[in-house]
Amino acid sequence: RPTAVKHCLAPGQSAADGDAQTWAQVRHRVPEFRVEFEADGAAPFDAWVEVFPATGPSEVVHIAGIAGHSHPVELPRSVAAQLGRFHMRLVRTRDARGCERQLVDPSAVGLGRPGDGSGAVIAGGFEIEYIEAPSARPVPASATRDVCVGDVLSFELRGLSQRAWTVGYVYNGAARTVSAAAKRRVFRRLVDVPGNFTLARVCHQDDGPSGNACCSDFDAGLSYAVHDVPRVRVSGGRDVHQDVLEGETGDIRLDLVGTPPFSFTWQRRALGTGGKILESHTVADLNASSYTITTAAEGTFEVTFVQDRYCQYPKA
C-alpha cells in the first residue's frame, strides 16, 4: 500500500510502557491481521509471515497447524504495540498435501529494511504505523476539581504537532466540539454559569488520505464542578435609611448566598459620597447564612469582600 495503515494507542498503552499486566490491557486494542487461504486448499495449513520493525532485523513468524481457511497472525510483542512503523508480508504457505507457495525470494527474507539510502522499499505486504493518541492535562496542574464562575479552564494538548486538534467537552449536559489549528497547544474555556464541565475527548486529525482521527477519551478525572460566586445582600438588597437616636442601636442584617463556611469584610464609612472609612471588620468561618451587625454609630455600611467554601469576590 502506498501509505501505512494507522492505528491509535492510548497514551501509556504501548507495549514498551509496562509489564505483562499492561500488555494484557493493550493487547485487545491491537488490530487483528489474518491469513486467508483459498477454498481449494487442504487444511491444516502452515504460514510464514515476516515482520519488519522500524529498525533492526526482521522476524519470521511461523503459524503451524491452521485448521481453517482464515487465521489471525500473532505478532511478536516487540512490534505488536510499539509506536512507529513496521512492515508485514506473507512469505510462504503450505497445505496438508505438502503443496507450497513461495511468495518472497528466500534470499531476501530476514535482511531487515533496506538501509542503503537508495529509497528501496520492501516488496510485498503493507506498512502499519502505531500513533500515540493525544493527551491533555490541566494547566496549571492542580488536584482541585472545584472552580468558580468566571474562571478560565486551560488544558495543555499533547500529541503530534503537525496535526489539527478536535476537542470535545460537555458543559451542563450539552456536548460541544471545537477545532483548533495544529500550532495551538492550549485549549481554554471560560466557565460562565454554575454546573458541571467535563473535557471528554481530544483528537488529532490524520493527515493521510483516510482522514481518520486519532482520539483519547477521558473519564471523570477531567471533570469540574463550577460554583457560583458568593453574594451578600445587605438589608434584603434594599437601600435603607435608618435614624438611630442617641443611646439606641440599630440592626443591619446581612444575608449570605453560597456554600458555608463564609468569611467577609464589612466597613463603615462616613456619610456622603466617597466617605472616609471609619471602621473595618472581618468575620471568618461563619457557618450560618445570615449575620447581624448591631451599631449605635452613624455611617454607610457595606460589604467589600466575601468568600465561601469554594469562591470569593472580588477575585484574588
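Remember, predicted model here, so these are calculated numbers, not experimental data.
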Measuring only between side-chain heavy atoms, which start at C-beta, is Val60 closer than 4.5 Å to Glu50?
yes
Would you say the side chain of Arg89 lies within less than 4.5 Å of the side chain of Val91, judging by non-hydrogen atoms?
yes
Is the shortest heavy-atom distance from the side chain of Trp266 to the side chain of Ile293 under 4.5 Å?
yes
Any ion pair linking Asp251 and Arg253 (charged N to carboxylate O, less than 4.0 Å)?
no
Under 3.5 Å, is there a donor-acceptor pair between the side chain of Arg269 and the main chain of Gly299?
no
Name the atoms and distances for all side-chain donor-acceptor pairs under 3.5 Å in residues 304-316, with sequence neighbours left out.
unit_1	atom_1	unit_2	atom_2	d
Gln307	NE2	Gln312	OE1	3.1
Asp308	OD1	Tyr310	N	3.0
Asp308	OD1	Cys311	N	2.7
Asp308	OD2	Thr259	N	3.0
Arg309	NE	Pro260	O	3.1
Arg309	NH2	Pro260	O	3.2
Gln312	NE2	Pro314	O	3.2
Lys315	NZ	Asp151	OD1	2.8

Using atom types as modelled and distance alone, determine if a side-chain donor or acceptor of Thr198 lies under 3.5 Å from a backbone N or O of Val170.
no
Under the 3.5 angstrom rule, does the side chain of Tyr171 hit a backbone N or O of Arg176 as a donor-acceptor pair?
no
Can you confirm whether Tyr169 sits close enough to Leu222 that some side-chain heavy atom of one is under 4.5 Å from a side-chain heavy atom of the other?
no
Taking Pro194's backbone N and O only, do any of them form a donor-acceptor pair with Asn172's side chain (distance below 3.5 Å, no angle check)?
yes
Taking Arg94 for its side chain and Asp46 for its backbone only, find out whether a donor-acceptor pair lies under 3.5 Å.
no
Take the angle between the ring planes of Phe45 and Phe37 and call it parallel below 30°, perpendicular above 60°, tilted in between.
parallel
Side chains of Leu254 and Val283, heavy atoms from C-beta outward: is any pair under 4.5 Å?
no
Contact check, side chains of Leu153 and Pro138, non-hydrogen atoms, under 4.5 Å:
no
Geometric class of the Tyr291/Phe264 ring pair [parallel <30°, tilted 30-60°, perpendicular >60°]:
perpendicular
Aromatic ring pairing Phe155/Phe187, orientation class (parallel under 30°, perpendicular over 60°, tilted between):
parallel
